[in-house]
Protein chains: 2
Amino acid sequence: MDTKNIFIVDDHVLFARSLAGLVNTFPHYQVVETFNNGAELVDALSTGIAEPSLILLDIKMPIMDGLATMKWLKKYHPFVKVLALSMEDDEQTILAMLRSGAKGYLLKDTQPDLLNLAMDSVIQQGYFHTELVTHVLMHSLHEKHTPEQEYALKENEITFIKLACEEKTYKEIAEEMSLSPKTIDGYRQQLFDKLKIKNRTGLVIFALKNKIIEI
Amino acid sequence: MDTKNIFIVDDHVLFARSLAGLVNTFPHYQVVETFNNGAELVDALSTGIAEPSLILLDIKMPIMDGLATMKWLKKYHPFVKVLALSMEDDEQTILAMLRSGAKGYLLKDTQPDLLNLAMDSVIQQGYFHTELVTHVLMHSLHEKHTPEQEYALKENEITFIKLACEEKTYKEIAEEMSLSPKTIDGYRQQLFDKLKIKNRTGLVIFALKNKIIEI
DNA sequence: AAAAAAAACAGGAAAAACCCTGTATTAAAT
DNA sequence: ATTTAATACAGGGTTTTTCCTGTTTTTTTT
């Protein structure tokens with residue numbers, strides 16, 4: 001087997017460099033480039049650098065995060081193999097990455113052996129899935145998972161939620177959305193019913209849990 | 001200079017192992033142990049393993065996190081040198097670590113060179129502080145920083161905030177705290193004034209930002 | 001023991017939030 | 001073209017929240 005070229009994309013320089021060292025100890029692998037974020041990778045690929053055999057991609061990055069990068073890759077380099085490497089183990093993130101074409105999803109607390117195995121597997125079989133991922137996939141068969149799908153949230157409802165998480169009155173929200181206060185009250189009521197919450201604090205918690213807003 | 005022994009404590013196995021590889025490439029350093037959390041380190045030190053020259057300590061860990069570990073070390077191994085290695089760059093965390101005796105604080109996105117420099121500095125000078133840390137320290141001279149200090153939050157106020165973040169009415173909160181609704185209203189008013197917020201959603205956001213509640 | 005400060009509590013009222021039921025208006029389906 | 005369904009909106013009422021200005025009670029200080 002000839003040597004496989006690897007790219008690493010991770011904003012934590014220390015991790016990226018360390019990981020490169022580790023991967024280079026695996027037989028047949030050679031880290032040829034490390035990038036600090038998705039944008040750097042995109043730049044490089046756009047300016048004609050050769051596709052690697054595998055990209056190890058972090059999810060949480062500034063500038064251009066893992067998901068955005070994955071989506072770009074899916075469009076412009078659909079055949080490049082990507083192994084997502086992340087600390088987030090929440091379903092939404094995992095599913096979003098898999099939907100965008102990641103061939104595998106590893107947590108950063110996995111054993112080096114498993115990383116090696118996963119890399120072999122992705123390159124040879126085309127995919128690698130841990131129990132975690134399998135479990136998430138199984139679960140996803142039974143339920144819808146993005147809040148938009150699960151609760152069928154409409155654009156206006158999301159806008160309303162965002163504004164309701166700020167310290168605005170419903171009247172102010174109505175003005176900002178150019179709608180009648182009564183319509184806003186309708187949104188509120190519908191959301192309270194759908195999300196099974198009793199007041200506005202429930203809405204804030206929901207918004208945060210489902211990453212509709214950030215703090 | 002003789003070889004310095006290093007411990008690494010980090011729950012992300014991949015990072016811990018990779019980092020060990022990197023550190024071993026630095027001259028005069030040898031990673032002799034890696035631990036997945038503070039508890040493992042404590043166990044090892046308690047059962048008589050030799051103190052290393054330096055501990056590279058992650059902050060965010062399950063079981064026993066960096067801060068708890070640091071406090072234990074301060075008590076039972078006050079002279080062991082610790083370099084905190086973290087992704088969190090918020091003032092509270094940094095200050096808490098420094099107060100507990102960490103000799104330096106690096107973000108995980110620092111360059112390997114800087115890590116090497118920091119390690120040299122901690123071992124030779126006894127400390128190493130980046131601009132980030134210096135800035136935080138300077139800032140801490142001017143302001144109080146835990147929400148309890150900064151806003152002088154009392155025990156009852158904190159309890160109230162926690163309950164107000166659930167979907168409870170003030171009347172229910174009053175019952176739960178065995179106080180008059182009017183007293184609760186007093187707490188609310190005082191907090192609104194102190195925190196410069198306009199309604200209950202502001203309270204929820206404040207509680208989350210200051211880690212009074214978690215989601 | 002008296003004065004001062006802090007904490008608990010009240011009255012009363014306006015604003016906002018919450019809740020229910022029903023009607024135009026618009027968009028989609030047949 | 002007509003029914004259906006979704007969306008925007010209203011009336012009107014209850015509850016809760018928010019706000020302001022006090023008083024009593026307890027704790028702390030002197």
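In what follows, chains carry the letters A, B, and so on, assigned in the order in which the sequence lines appear, proteins first and then strands, with residues in each chain numbered from 1.
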Nucleotides 5-7 of chain D: which of its N/O atoms have a protein N/O under 3.5 Å away?
residue	atom	partner	partner atom	Å
D/dT7	OP2	A/Lys154	NZ	3.3

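- Annotation: cation-pi geometry satisfied between A/Arg188 and A/Phe192 (NZ/CZ under 6.0 angstrom from ring centroid, within 45° of ring axis).
- Every residue two or more places apart in sequence or in another chain was checked for a side chain to side chain donor-acceptor pair (under 3.5 Å) with A/Asn37, and none qualifies.
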>> I'd like to compare against my own output: the B/S/- annotation of nucleotides 12-29 of chain C with a strict under-4.0 Å heavy-atom distance to protein.
In response: B---SSBB----------
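- No more than 12 heavy-atom neighbours from other residues, nucleotides or ligands sit within 6.0 angstrom of NZ on A/Lys171.
- The side chain to side chain donor-acceptor pair (under 3.5 Å) test applied to A/Ser86 returns A/Tyr105, not counting sequence neighbours.
- Between the side chains of B/Tyr187 and B/Asn156, at least one donor N or O lies within less than 3.5 Å of an accepting N or O.
- Look at CD on A/Glu172: it is 13 Å from P on D/dT18, rounded to the nearest Å.
- Going from atom CE of B/Met177 over to atom C1' of C/dA7 covers 12 Å, rounded to whole Å.
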> Tell me, what's DNA chain D's dot-bracket, Watson-Crick or G-U with both distances under 3.5 Å, | for other-strand, [ ] crossing?
Replying inline: ||||||||||||.|||||||||||||||||
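- Comparing D/dT14 with C/dT23, their C1' atoms are spaced 22 Å from each other, to the whole Å.
- Here B/Ser180 lies in heavy-atom contact (under 4.0 Å) with sugar-phosphate atoms only.
- One can place CZ of B/Phe160 at 13 Å from P of C/dA8, the figure rounded to the nearest angstrom.
- Between B/Phe15 and A/Phe15, the two ring planes are tilted [angle within 30° to 60°].
- Under the side-chain contact (heavy atoms from CB on, under 4.5 Å) criterion, A/Ala207 pairs with A/Ile161, A/Cys165, A/Ile212, A/Ile213, sequence neighbours left out.
- Shown here for A/Gly38 and A/Val9, the closest heavy-atom pair between the two residues is N-CG1, 3.9 Å.
- Ion pairing between B/Lys108 and B/Asp10 holds under the 4.0 Å rule for side-chain N and carboxylate O.
- Heavy-atom neighbours of B/Lys198 NZ from other residues, nucleotides or ligands within 6.0 Å: at or below the threshold of 12.
- B/Thr183 has a side-chain polar atom (N or O) that falls below the 4.0 Å cut-off from OP1 or OP2 of C/dC9.
- B/Ala39 and B/Ile63 get closest at one heavy-atom pair: CB-CG2, 3.8 Å.
- The distance between atom CD1 of B/Ile158 and atom P of C/dA7, rounded to the nearest whole Å, is 13 Å.
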